[in-house]
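Quick notes on the structure that follows.
Atoms within a ligand are numbered from 1 in the order they appear, just like the ligands themselves. Sequence positions, counted from 1, serve as the residue numbers for this chain. Worth saying up front: this structure is predicted, and the values here are computed from it rather than measured.
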Amino acid sequence: MNYLSTRGQTPALGFSDAVATGLAPDGGLFLPEQLPDYAGELARFERLDYAGLCFEFLRGFATDIPPKVLRSLVARSYTKFDHPAIAPLKPLAKNLYVLELFHGPTLAFKDFALQLLGNLYAHQCEVRHETINVLGATSGDTGAAAIHGLIGRPGTAIFILYPDGRVSPLQERQMACTGADNVFALAVDGTFDDAQAALKEIFADQKFRMRHRLSAVNSINLARVLAQCVYYLYAWMRLPTAERSNVEFVVPTGNFGNVLAGWMLQKMGVPIRGFRVATNQNDILYRLFSTGEYRMGEVHPSLAPSMDIQVASNFERFIYFAVGRDPAKVRHVMDTFKRTGRYKFEKFNRDSFTASCTTDAEIRGIIQRVHRDYGYVVDPHTACGFKDIGVGGDPDRVQIVLSTASPAKFPDTIKEAIGTEPTHPALEALKSKRIVKHLLKASPAAIRAFIDTHAVG
Ligand SMILES: *Cc1c(COP(=O)(O)O)cnc(C)c1O
């Protein structure tokens with residue numbers, strides 16, 4: 001299988017190279033040349049466990065990795081989950097389910113993709129006799145999940161920048177208490193934007209980038225989207241047969257990576273009724289799906305911080321399909337958007353998407369209501385998915401709300417909402433561990449000097 005850039009000005013690459021490259025050199029995002037049709041395979045997939053299903057799903061995409069190797073990489077990626085089902089589907093009412101995606105090592109859904117990505121990177125280092133240095137900036141979940149995908153992997157080192165004193169104490173501990181000598185938690189003196197700006201400058205330095213074989217952690221990697229398709233399929237197969245084609249997935253959304261994965265699965269022949277894009281008060285996608293205009297916003301920090309975005313970086317993949325897979329049209333949309341901060345689609349086809357937006361003022365009330373109605377505690381991101389869902393669910397359709405993080409990661413907001421503080425043994429254990437972080441100025445020179453001293457290879 002070949003992978004093409006949405007902007008059409010990068011030669012086609014195989015799976016492993018597209019994964020290693022991340023962002024295409026023409027600024028576009030990689031997509032498979034064609035989507036496989038899995039409609040005829042669903043009966044065969046039905047009996048598989050999570051890792052088995054993930055392997056069968058991915059083998060049609062990762063065609064340059066021998067099946068035996070791929071099977072073992074996938075199996076290894078789901079051993080650190082603390083629930084036997086990996087992604088348990090729990091009924092809350094008639095027609096209403098929650099899909100728990102927070103049983104991985106950092107208790108958020110990003111583990112599904114980043115555990116696998118870590119194994120793919122490590123495998124590539126091994127077969128190509130290369131080393132890789134991964135660099136990223138985070139305001140929370142992504143950094144922790146990326147670190148836990150690479151802990152102790154030979155041939156790799158990972159450097160994560162975060163604003164000192166501005167991530168939650170638990171998030172900092174998830175990054176800085178691993179005890180692994182290939183993990184570097186870099187607390188920079190400044191804001192997230194300062195860290196991000198320094199990172200951009202470092203990646204623009206081609207010589208430095210080549211010298212250390214630097215790779216970026218971000219949400220646009222093709223492997224992340226593909227890994228995320230699998231839990232939609234897994235959940236779909238756990239539903240009673242009569243409910244399956246009437247299901248709507250409700251997805252707490254920031255960069256559009258998660259919900260895009262579900263939508264792509266639908267395009268592979270899995271009958272799914274639709275998707276609700278549930279944003280927080282950073283509502284660029286809500287506005288798009290209601291008005292047909294994609295218009296850049298300012299970031300308003302919220303109680304669901306992992307969805308605080310200005311633009312939705314994975315949205316370009318949907319645009320590619322929406323304009324009939326025409327890279328020239330994608331370039332036109334993205335250029336216009338970059339120049340003017342907005343793009344108005346003439347005839348916007350929202351396909352099977354609907355959207356909702358939830359303000360901070362509503363989040364605590366929703367957490368309270370879900371707790372009262374179903375005896376179930378949701379985190380602030382998942383709460384955005386429960387907006388507009390009444391007691392007993394929707395009579396007309398089956399809904400699965402994706403739960404993207406464990407409530408235990410956000411004890412303060414939960415306590416304000418329902419009066420008790422959720423805990424999790426993995427987070428409790430972190431509290432007694434030693435923090436090892438490196439304090440740095442938010443300057444490219446200081447960060448480069450640190451990497452020069454600590455990089456592998
Ligand atoms: C990253 C994240 C999201 C947003 O996912 P996208 O793929 O960016 O849409 C939602 N909830 C949590 C807890 C996250 O960590």
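- No more than 12 heavy atoms of other residues, nucleotides or ligands lie within 6.0 Å of NZ in Lys415, so this atom counts as exposed by the packing criterion.
- Those atoms of ligand 1 with a heavy atom of Gly257 less than 4.0 angstrom away are 6 (P), 7 (O), 9 (O).
- Between Asp141 and ligand 1, a contact under 3.5 Å exists for at least one N or O pair.
- Interface atoms of ligand 1 facing Thr253, defined by a heavy-atom separation under 4.0 Å, are 9 (O).
- For the pair Ala405 and ligand 1, the shortest N or O to N or O distance does not fall below 3.5 Å.
- Under 4.0 angstrom from ligand 1, the non-hydrogen atoms of Phe109 all belong to its side chain.
- Summarising the contacts of atom 13 (C) of ligand 1 with Ile309, Asn258, Thr404, the nearest heavy atom is found in Thr404.
- Salt-bridge check for Lys409 with Asp141: passed, with a basic side-chain N closer than 4.0 Å to an acidic carboxylate O.
- Among all non-hydrogen protein atoms, the one lying nearest atom 10 (C) of ligand 1 is Met307 CG, 3.6 Å.
- Under 4.0 Å is where a charged nitrogen must lie from a carboxylate oxygen, and between Asp164 and Lys437 at least one such pair does.
- In terms of protein heavy-atom proximity, atom 9 (O) of ligand 1 is nearest to Gly254 N, 2.8 Å.
- In Lys200, the NZ atom is not crowded: 12 or fewer heavy atoms of neighbouring residues, nucleotides or ligands sit closer than 6.0 Å.
- On a distance-only criterion, Ala108 and ligand 1 share no N/O pair closer than 3.5 Å.
- If you check which protein heavy atom lies closest to atom 6 (P) of ligand 1, you get Asn255 N, 3.6 Å.
- Inclusion of Phe256 in the set of residues having an N or O under 3.5 Å from an N or O of ligand 1 is warranted.
- Residues meeting the ring pair (Phe, Tyr, Trp, His ring centres under 6.0 Å) test with Tyr286, sequence neighbours left out: none.
- Judged by the 6.0 Å and 45° rule, Arg350 forms no cation-pi pair with Phe348.
- Between Tyr320 and Phe318, the ring center distance fails the sub-6.0 Å criterion.
- For a threshold of 3.5 Å applied to N or O pairs, the pair formed by Lys110 and ligand 1 contains at least one separation below that value.
- Residue contact annotation: Phe102 has no non-hydrogen atom under 4.0 Å from ligand 1.
- No option in Phe81, Tyr231, Phe112, Phe45 other than Phe112 meets the ring pair (Phe, Tyr, Trp, His ring centres under 6.0 Å) test with Tyr50.
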